[in-house]
Amino acid sequence: EDKVVQSPLSLVVHEGDTVTLNCSYEVTNFRSLLWYKQEKKAPTFLFMLTSSGIEKKSGRLSSILDKKELFSILNITATQTGDSAIYLCAVEIQLAGGTSYGKLTFGQGTILTVHP
Amino acid sequence: NAGVTQTPKFQVLKTGQSMTLQCAQDMNHNSMYWYRQDPGMGLRLIYYSASEGTTDKGEVPNGYNVSRLNKREFSLRLESAAPSQTSVYFCASIIGQLLRSSTDTQYFGPGTRLTVL
């Protein structure tokens with residue numbers, strides 16, 4: 001059974017702190033790993049990673065994938081109250097024939113709360 | 001260009017009632033998905049449709065049916081609602097059948113919050 005596990009499940013920090021969110025996976029045929037941020041409504045896309053060791057960056061957020069050890073981390077530096085959200089990790093699994101139909105298996109999410 | 005839209009936004013049902021959640025996208029996407037989100041569970045795939053005219057079960061299909069009415073619309077039906085189906089439901093879509101790049105990732109609708117009493 002394909003499994004994606006995130007840790008911690010919740011995290012409370014103060015503005016300016018740096019946080020590291022973890023995502024580990026056990027899947028049959030990995031194709032890509034994605035990070036989403038979810039505030040009050042729908043998840044919004046942050047990063048897509050397909051190769052090990054290549055760090056993706058967007059401002060204060062960065063993410064790296066380790067395909068050997070089967071995990072990814074999402075780093076947020078100099079956190080702000082606007083970073084408070086649920087962060088979701090998802091894995092795209094490749095099916096027979098090379099397609100995935102875009103199917104994603106999600107982890108439980110990490111609830112990040114940033115206090116002023 | 002409204003992206004992915006869902007109706008209704010909120011719904012309260014009694015056990016045993018039926019209802020249909022509607023989803024539409026105006027991005028000419030081929031693949032569409034229905035997820036449910038429960039506290040501490042992330043998003044779980046209910047059904048998906050890789051193309052118009054096809055549907056397949058996801059991780060948690062029991063108690064649900066779907067219809068891919070045309071390329072734009074993908075509806076989710078609860079025939080006999082149960083309290084265990086209380087959840088937030090998200091519809092999503094992608095342009096193809098693979099996530100080729102960061103621009104091909106799933107676009108989500110705003111969600112429907114369903115309560116079954």
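Proteins come first, then strands; the chains are lettered A, B, ... in the order of their sequence lines, and each starts at number 1. Quantities reported herein were computed from a predicted structural model and do not represent experimental measurements.
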With hydrophobic residues grouped by side-chain heavy-atom distances under 4.5 Å, do Ile64(A) and Leu21(A) end up in a single group? no
Under the ring-ring contact (aromatic ring centres under 6.0 Å, His included) rule, what do Tyr36(A) and Phe108(B) come out as? Steps first, then yes or no, please. CA-CA 11 Å; Tyr36(A) 286 87; Phe108(B) 286 85; 5.6 Å; yes
Is Phe30(A) reachable from Leu49(A) through a run of hydrophobic residues whose side-chain heavy atoms are each under 4.5 Å from the next? yes
Of the non-hydrogen atoms in Ala42(A) and Gly109(B), which two are nearest, and what is the gap between them? CB-O, 2.9 Å
Would Leu21(B) end up clustered with Leu13(B) when hydrophobic side chains under 4.5 Å apart are linked, directly or stepwise? yes
Counting only heavy atoms not in Gln80(A) (residues, nucleotides, ligands), do more than 12 fall under 6.0 Å from its CD? yes
Taking the six-membered ring for Trp, are Phe45(A) and Tyr107(B) closer than 6.0 Å centroid to centroid? no
Cluster overlap Ile73(A) with Leu70(A), hydrophobic side-chain contacts below 4.5 Å: no
CG of Leu34(A) to CD of Gln106(B): how many Å apart, nearest 0.5 Å? 8.0 Å
Under 4.5 Å heavy-atom distance to chain B, tell me which part of Leu88(A) shows up: side chain, backbone, both or neither. side chain
Take a 6.0 Å sphere around CZ of Arg60(A) and say whether it holds more than 12 heavy atoms from other residues, nucleotides or ligands. yes
Which residue is it: Tyr35(B), Tyr33(B), Phe90(B)? I am looking for the one with a ring pair (Phe, Tyr, Trp, His ring centres under 6.0 Å) to Phe106(A). Tyr35(B)
Applying a strict 4.5 Å limit to non-hydrogen atoms, the region of Gln38(A) in contact with chain B is side chain
Relative to chain A, which segment of Leu43(B) carries a heavy atom at a distance below 4.5 Å: side chain, backbone, both, or neither? both
Let me know if Gln37(B) has heavy atoms under 4.5 Å from chain A in its side chain, its backbone, both or neither. side chain
One option among Gly107(A), Cys89(A), Ser10(A) has the most heavy-atom pairs under 4.5 Å with chain B, and it is Gly107(A)
Among the clusters formed by ILVMFWY side chains lying less than 4.5 Å apart, do Leu11(A) and Trp35(A) turn up in the same one? yes
